Number of protein chains: 2
Amino acid sequence: MSAHAHHELTKNQALVFQSLSDAGGPLTAYAILDLLRDNGFRAPLQVYRALDKLVEFGMVHRLESLNAFVACSHKDCAGGHGAAAFAICEKCGDVREFTPDEAMSSLKKWTESEGFILDRTTIELRGTCKNCITAN
Amino acid sequence: MSAHAHHELTKNQALVFQSLSDAGGPLTAYAILDLLRDNGFRAPLQVYRALDKLVEFGMVHRLESLNAFVACSHKDCAGGHGAAAFAICEKCGDVREFTPDEAMSSLKKWTESEGFILDRTTIELRGTCKNCITAN
DNA sequence: GCTATGTGTGTTATAACATAACACAAGCAG
DNA sequence: CTGCTTGTGTTATGTTATAACACACATAGC
């Protein structure tokens, strides 16, 4: 075990992660590509390869229902925390990450009773956030 | 309220639903298109339009993490049951649908406490199914 | 030193998934 | 008959993701 929790990021990984952090919300791979053209990015693979690693490190989450990516909301996230869930507002596009511990333990009960070995869980809630409701 | 639970399907909707039922597992829109070429299907939109309706009726589910579609596992499903969750085996591609009532009530607690109005929930578990483990 | 290996990179091309825009046909309400 | 809605067929295009190949750089082993 290393003494520091941070992964050493390559130049491209750091650029992609910074883009996502700065955005403060989800971005598609191609949106990231456009943001990084001035930094020498020319092709989608440069983005996808960096994203693969960042997701592997747990620093970035993939939103399956948006085909987009978002920086983990844990400050200076170095991965290692539990599963993440996302509440996605259909009106304003806002994404809230939270840790669905109770739901996960219920799902784990199911997988264990079925002999299913769980690798990774996707939980995404679509709806309308508080702000967009009161703004009616 | 109609006395029968079944939706009247158009010709295209019925063909697409039958393809998914026969397959007994997930299919991509383009896989369905190929299956239905002999029935006069020529373009992706014919498939996507039928799928949109079938999903709306609750007879077909979209698997976000696979970009694929699967017939609801409830016999003669006419929609109306609770949220669905899916356990997807990375080894054999098998998909098991189940009803995660306990997890849903936990997630609903979160949405209610946050003032988030929930429209639709995606829960997809990736891992290895019992068969593929014992087959080692 | 120099080779083998692993990882990251850059580039072109292509695959896979999804929708826009337009035209037409059939049913049904007024 | 007119207007409206829903479904359909078709062409073209947009969006998301990967394949295949070549090269650079670091480091471990001889």
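All values below were derived from every heavy atom in this structure, side-chain atoms included, with hydrogens, water molecules and symmetry-related copies excluded. All values reported here derive from a predicted model rather than from experimental measurement. Labels below follow one simple rule: chain letters A, B, ... track the order of the sequence lines, proteins then strands, and each chain is numbered from 1.
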Residues at least two apart in sequence or cross-chain that pass salt bridge (Lys or Arg N to Asp or Glu O under 4.0 Å) with A:D94, listed by chain then number, are none
Provide, to the nearest angstrom, the distance between the CG atom belonging to A:N39 and the C1' atom belonging to C:dG10.
15 Å
Return one dot-bracket line describing DNA chain C 5' to 3' (Watson-Crick or G-U wobble pairs, both distances under 3.5 Å; ( ) same strand, [ ] crossing, | another strand, . none).
||||||||||||||||||||||||||||||
What heavy-atom pair brings A:A50 and A:N12 nearest, and what distance separates the two atoms?
CB-O, 4.0 Å
How close or far is atom C1' of D:dG9 from atom CG of B:L15, stated in whole angstroms?
15 Å
Atom-to-atom span, CG of A:N12 to P of D:dC25 - whole angstrom
14 Å
Nearest-Å distance, CG (A:L54) to P (C:dG8)?
11 Å
C:dT9 phosphate, OP1 or OP2, under 4.0 Å from A:Q46 side-chain N/O
no
Identify, with sequence neighbours excluded, every residue that meets side-chain hydrogen bond (donor to acceptor under 3.5 Å, both in side chains) alongside A:D34.
A:R37
Salt bridge (Lys or Arg N to Asp or Glu O under 4.0 Å) partners for B:R49, two or more places apart
none
Mind checking what makes salt bridge (Lys or Arg N to Asp or Glu O under 4.0 Å) contact with A:E56, not counting sequence neighbours?
A:K53
The complete set of ring pair (Phe, Tyr, Trp, His ring centres under 6.0 Å) pairs with one or both residues in residues 84-135 of chain B, sequence neighbours excluded, reads A:F98-B:W110, A:W110-B:F98, B:H61-B:F86
Without decimals, in angstroms, what is the distance between B:L9 CG and D:dG7 C1'?
13 Å
Applying side-chain hydrogen bond (donor to acceptor under 3.5 Å, both in side chains), can you list everything that pairs with B:S65, at least two apart in sequence or on another chain?
B:E124, B:R126
Examine C:dT9: is either OP1 or OP2 under 4.0 Å from a nitrogen or oxygen in the side chain of A:T10? Give yes or no.
yes
Heavy-atom pair with the smallest gap, counting every atom of A:N131 and A:T134:
O-OG1, 3.1 Å
Of the nucleotides D:dG9, C:dT11, C:dG8, which has the atom closest to the A:Q13 side chain?
C:dG8
What is the separation between atom CZ on A:R37 and atom C1' on C:dG10, rounded to the nearest whole Å?
14 Å
Considering only heavy side-chain atoms of B:A43, the closest of C:dT9, D:dT8, D:dT11 is D:dT11
Has B:K53 got a side-chain N or O lying under 4.0 Å from the OP1 or OP2 atom of D:dG7?
yes
Under a 4.0 Å heavy-atom criterion, the protein footprint on nucleotides 15-23 of chain D, written with B, S and -, is -BBBBB---
Only pairs at least two apart or in different chains count here, so list each ring pair (Phe, Tyr, Trp, His ring centres under 6.0 Å) that has a residue in residues 10-36 of chain B.
none
Can you tell me the distance, in whole Å, between the CG atom of A:L51 and the P atom of C:dG8?
14 Å
Would you mind reading off the distance between B:L63 atom CG and C:dC17 atom P, rounded to a whole angstrom?
13 Å
